[in-house]
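Contents: one structure, followed by commentary.
Hydrogens, waters and symmetry mates play no part in the numbers below; they use all other heavy atoms, side chains included. Note on naming: letters A, B, ... go to the chains in the order of the sequence lines (proteins, then strands), and numbering restarts at 1 for each one.
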2 protein chains.
Amino acid sequence: MKASVKTAENGRKIVENICTEPCSIERGMRVLGGKWKGSILWHLQDGPVRFNDLNRMVGGASKKMIAQRLQEMEENGLLTRQVISTKPVAVAYEITDFGRTALGFLESLKDWVEDNQL
Amino acid sequence: MKASVKTAENGRKIVENICTEPCSIERGMRVLGGKWKGSILWHLQDGPVRFNDLNRMVGGASKKMIAQRLQEMEENGLLTRQVISTKPVAVAYEITDFGRTALGFLESLKDWVEDNQL
DNA sequence: CAGAATCCAACCGGATACTG
DNA sequence: CAGTATCCGGTTGGATTCTG
């Protein structure tokens with residue numbers, strides 16, 4: 001929701017509606033922002049990746065963080081986790097169709113950063 | 001940078017390049033992500049806004065947070081701060097042209113969130 | 001009005017060690 | 001291999017008070 005703004009006679013702007021609950025952008029940042037989530041999703045776009053590989057691909061994040069973010073992202077339906085019962089066990093993370101709908105936006109963020117040398 | 005992946009004879013994927021420094025997506029999240037930054041920029045798109053109004057528009061953030069984020073965003077060139085020497089003093093924050101280049105994907109984030117009822 | 005300063009609890013996240 | 005458990009220092013961020 002966006003706050004609605006009126007302009008008084010003196011030119012002063014009056015804010016009428018207040019965003020009481022977090023607006024869409026903040027909610028989105030909670031799902032895709034934070035640390036590592038964007039990178040994780042990005043690195044899943046070419047197919048399932050195993051835990052340790054993902055850990056290496058993201059780079060800089062600890063196993064603990066990756067595991068946490070993966071859980072949250074699974075709960076949000078961005079990816080799925082499948083256990084392959086070999087010895088030792090293997091686990092593959094795969095992006096969902098829903099997760100893919102976020103890739104476009106991640107790409108525009110990436111382009112924006114690179115175009116502006118941030 | 002994206003990690004490069006090869007597939008070994010056994011079908012196992014090998015991660016070759018490791019993202020040592022934060023990749024574009026992470027850097028972008030640091031500039032636009034975090035708490036409130038997206039919302040702040042979003043609420044500036046229709047013209048300059050004063051500190052307290054911005055505080056109300058964002059909603060939920062303390063003055064301290066808004067002040068901090070505004071400083072960072074000014075350093076990043078996303079917005080400018082101009083002091084109007086009235087009594088009491090007024091300060092207006094205005095989005096820069098560069099800041100405007102980020103509005104596009106904030107909008108796609110917003111749409112994505114709303115389309116999927118996040 | 002627009003902050004800066006201070007205090008402090010809560011959370012975050014790295015390192016390490018351990019498990020099935 | 002794919003995590004979980006624990007420890008623990010650092011950061012975050014709210015509440016409150018103060019200032020020009």
Side-chain heavy atoms of B:Leu44 within contact of B:Leu54, under 4.5 Å: yes
Charged N-O contact under 4.0 Å between A:Arg50 and A:Asp53: no
Test item: B:Lys37 side-chain N/O and B:Arg30 main-chain N/O as donor-acceptor pair under 3.5 Å: yes
Net bend of the helix from C:dC1-D:dG20 to C:dG20-D:dC1, end axes of five pairs each, nearest 10 degrees: 50°
Short side-chain N/O contact from B:Arg50 to OP1 or OP2 of C:dA2, under 4.0 Å: yes
side-chain N/O B:Gln71 vs C:dG3 OP1/OP2, d < 4.0 Å: no
Atom pair CD (A:Glu107) and OG (B:Ser108), whose distance is rounded to the nearest 0.5 Å: 11.5 Å
Contacts of B:Gln82 that satisfy side chain to side chain donor-acceptor pair (under 3.5 Å) - sequence neighbours left out: B:Glu94
Whether B:Thr96 side chain and B:Leu78 backbone form a donor-acceptor pair below 3.5 Å: yes
Presence of B:Tyr93 side-chain N/O under 4.0 Å of C:dC1 phosphate oxygens OP1/OP2: no
Atom-pair distance (CG on A:Asn52; C1' on D:dG3), nearest Å: 9 Å
Pairing of B:Arg100 and B:Asp97 as salt bridge, 4.0 angstrom limit: no
Working for side-chain contact (heavy atoms from CB on, under 4.5 Å), residues A:Val49 and A:His43: CA-CA 8 Å; A:Val49 182; A:His43 286 297; 5.7 Å; no
Any A:Ile40 side-chain heavy atom under 4.5 Å of A:Val58 side chain: yes
Close side-chain approach of A:Leu103 to A:Ile95, heavy-atom, < 4.5 Å: yes
Strand-adjacent residues in residues 73-86 of chain A, judged by heavy atoms under 4.0 Å from DNA chain C: none
I'd like a table of atom pairs between the protein and nucleotides 17-20 of chain C - only N or O on both sides, under 3.5 Å - with the distance next to each one.
none

Side-chain (B:Glu26) to main-chain (A:Trp36) donor-acceptor, under 3.5 angstrom: yes
Identify each donor-acceptor pair in which a side-chain atom of residues 62-70 of chain A lies under 3.5 Å from a protein atom, sequence neighbours left out, and give them as a table.
{"from": "A:Ser62", "atom 1": "OG", "to": "A:Met65", "atom 2": "N", "distance (Å)": "3.3"}
{"from": "A:Arg69", "atom 1": "NE", "to": "A:Glu72", "atom 2": "OE1", "distance (Å)": "3.2"}
{"from": "A:Arg69", "atom 1": "NH2", "to": "A:Glu72", "atom 2": "OE2", "distance (Å)": "3.1"}

For nucleotides 10-13 of chain C, print each protein N/O atom paired with a nucleotide N/O atom at under 3.5 Å, atom names and distance only.
{"from": "C:dG13", "atom 1": "OP2", "to": "A:Arg69", "atom 2": "NH1", "distance (Å)": "3.4"}
{"from": "C:dG13", "atom 1": "N7", "to": "A:Lys64", "atom 2": "NZ", "distance (Å)": "3.4"}

Separation of C:dA2 C1' from B:Leu54 CG (nearest whole Å): 12 Å
Donor-acceptor contact present, side-chain A:Asn116 to main-chain A:Trp112, <3.5 Å: yes
